[in-house]
Amino acid sequence: MHGVRPDELLALDARHVWHPYGAMPGKVAPLLVTEAAGVRLTLADGRELVDGMSSWWAAIHGYRHPVLDAALTEQAGRMSHVMFGGLTHEPAIRLARELVDLTPDGLEHVFLCDSGSVSIEVAVKMCLQYWHSLGRRGKRKLLTWRGGYHGDTFHPMSVCDPDGGMHALWRGTLPEQVFLPAPPAGFDAPVEQAYLDELAAAVERHADELAAVIVEPVVQGAGGMRFHNPGYLRALREITEAAGVLLIFDEIATGFGRTGALFAAGHAGVTPDVLCLGKALTGGYLTMAAALCTPRVADGISQGEVPVLAHGPTFMGNPLASSVALASIGLLRDRDWAADVRRIEAALIGGLGGAATVDGVRDVRVLGAIGVLQLDHPVDMAAATKAATDCGVWLRPFRDLVYAMPPYVCEDADVAAIANAMLAVAAQA
Ligand code: PLP
């Protein structure tokens with residue numbers, strides 16, 4: 001369709017393309033992107049925007065990174081995809097080994113799948129099948145805390161925030177789970193004993209029906225951009241261990257350095273039974289996710305009457321995605337990512353610090369390469385997009401939250417532009 005004018009493309013988009021959480025036919029015209037390089041998106045009308053969203057937490061190295069481009073083209077010249085049942089290949093094997101090396105000690109086995117939501121489905125299956133194999137068939141539920149987000153397929157939706165979240169629509173059709181309040185807010189806020197007691201009592205009370213507890217460690221992302229003290233995770237590890245319940249950490253958003261630790265579990269120094277990764281796994285180049293588990297979980301499953309993990313989608317361990325993930329991990333190793341994240345954190349604190357006294361701003365929080373302004377009122381999306389793009393920045397606020405998670409390769413001036421745009425959105429809300 002070369003030669004089709006941007007306005008014609010957008011008309012076709014509105015008619016045929018169903019966007020995430022979009023109406024059909026499309027009501028709000030998306031921005032037409034023609035190129036992306038470094039930390040900038042180029043629009044069809046020639047404007048350039050700094051991507052304050054890293055493509056929904058994924059593009060940590062920015063776009064068109066020469067190392068990632070080369071890994072992809074080199075692999076494309078060899079093998080783009082093969083089925084993973086009965087066949088295997090070096091990129092997936094090397095990636096699995098890298099992930100085992102990088103993630104908390106004790107996670108040994110890696111299921112490579114194609115999206116974050118599916119990795120949650122796989123994690124849940126691992127836990128349910130573990131208990132099924134051990135003859136504990138009543139242990140089928142999950143416990144989670146409110147305010148979470150784990151994806152848009154049915155098991156993940158069942159553990160998303162049941163009230164304020166996006167999935168209230170599905171109430172009644174989802175597997176029934178156990179919810180507790182979210183931990184008290186604040187990465188540096190002291191751990192509250194009363195909350196720990198409530199957590200321990202609930203896990204114990206439901207232990208006979210619980211397969212696992214599932215949480216987003218340290219940062220609850222799309223459910224509300226809330227931070228909590230890693231001490232709650234240490235306690236959760238002890239509580240689940242004592243009650244005979246498995247523990248799943250969803251690090252799809254927090255993995256690969258975003259919170260200042262390579263994995264958020266590292267802030268607490270604990271290993272979950274199952275760990276889910278996605279988003280930044282391939283540096284945002286291709287859709288790939290992973291569920292890692294301990295030998296205990298795998299051994300339990302192999303003792304069952306169905307001694308294999310009952311999951312096998314078409315697109316597992318894709319060689320292109322595996323190669324680009326290996327290259328992305330190589331970049332993290334080569335480029336002192338922690339220094340980059342600390343630099344971005346300092347720039348976000350500098351840029352947003354004054355916002356606490358701005359009218360309409362209820363809270364300002366920064367952790368690692370994540371900056372959040374919580375407002376008194378929900379934003380109007382069209383006005384917010386205009387305010388941010390007028391500042392040369394791409395942001396995608398939701399509800400009363402204006403937030404950014406910049407690519408780690410952002411210069412200080414880019415982060416300053418992002419902070420400035422967040423303030424502009426807050427000012428017009
Ligand atoms: N879990 C968390 C914490 C997420 O932030 C997301 C996506 O935003 C998901 C799961 C779902 O991942 P995906 O969108 O790749 O299905």
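Quick note: numbers below take in every heavy atom, side chains included, and nothing from hydrogens, waters or symmetry partners. Whatever order the structure lists ligands and atoms in, that order sets their numbers, starting from 1.
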Under-4.0 Å protein heavy-atom contact, atom 14 (O) of ligand 1 | no
Taking it one step at a time, do Tyr130 and Asp273 satisfy side-chain hydrogen bond (donor to acceptor under 3.5 Å, both in side chains)?
-> CA-CA 11 Å; Tyr130 170 83; Asp273 299 290; over 6 Å; no
Is it true that Lys279 lies under 4.0 Å from ligand 1, counting heavy atoms only?
-> yes
Decide if atom CG of Asp105 counts as having more than 12 heavy atoms of other residues, nucleotides or ligands within a radius under 6.0 Å.
-> no
May I ask you to check whether over 12 heavy atoms, not counting those of Arg140, lie within 6.0 Å of atom CZ?
->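 Check fails, neighbour count at 12 or below.
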Is there a donor in the side chain of Tyr285 and an acceptor in the side chain of Asp69, or the other way round, less than 3.5 Å apart?
->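 Short answer, yes.
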What's the verdict on salt bridge (Lys or Arg N to Asp or Glu O under 4.0 Å) for Arg78 and Glu74, showing C-alpha distance, side-chain angles and the deciding distance?
-> CA-CA 7 Å; Arg78 237 176 293 160; Glu74 204 199 307; 2.4 Å; yes
Starting from atom 6 (C) of ligand 1, locate the nearest protein heavy atom and write down its residue, its atom name and how far away it is, to 0.1 Å.
->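 Atom 6 (C) of ligand 1 sits closest to the protein heavy atom Tyr149 CE2, 3.6 Å.
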Considering only non-hydrogen protein atoms, determine which one is nearest to atom 1 (N) of ligand 1 and report residue, atom name and distance to 0.1 Å.
-> Asp250 OD2, 2.6 Å
For the residue pair Trp145 and Tyr195, does the interplanar ring angle fall in the parallel (under 30°), tilted (30 to 60°) or perpendicular (over 60°) class?
-> tilted
Under a 4.0 Å N-O cut-off, is there an ion pair linking Arg171 with Asp163?
-> yes
Identify, by atom number and element, the atoms of ligand 1 in contact range of [X], meaning under 4.0 Å from any of its heavy atoms.
{"X": "Gly116", "result": "12 (O), 13 (P), 15 (O), 16 (O)"}
{"X": "Ala253", "result": "5 (O)"}
{"X": "Glu216", "result": "3 (C)"}

Nitrogen or oxygen of Ser117 less than 3.5 angstrom from that of ligand 1 = yes
Return yes or no for this condition: an N or O of Gly151 is under 3.5 Å from an N or O of ligand 1.
->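 No, since none of the N or O atoms of Gly151 sits under 3.5 Å from an N or O of ligand 1.
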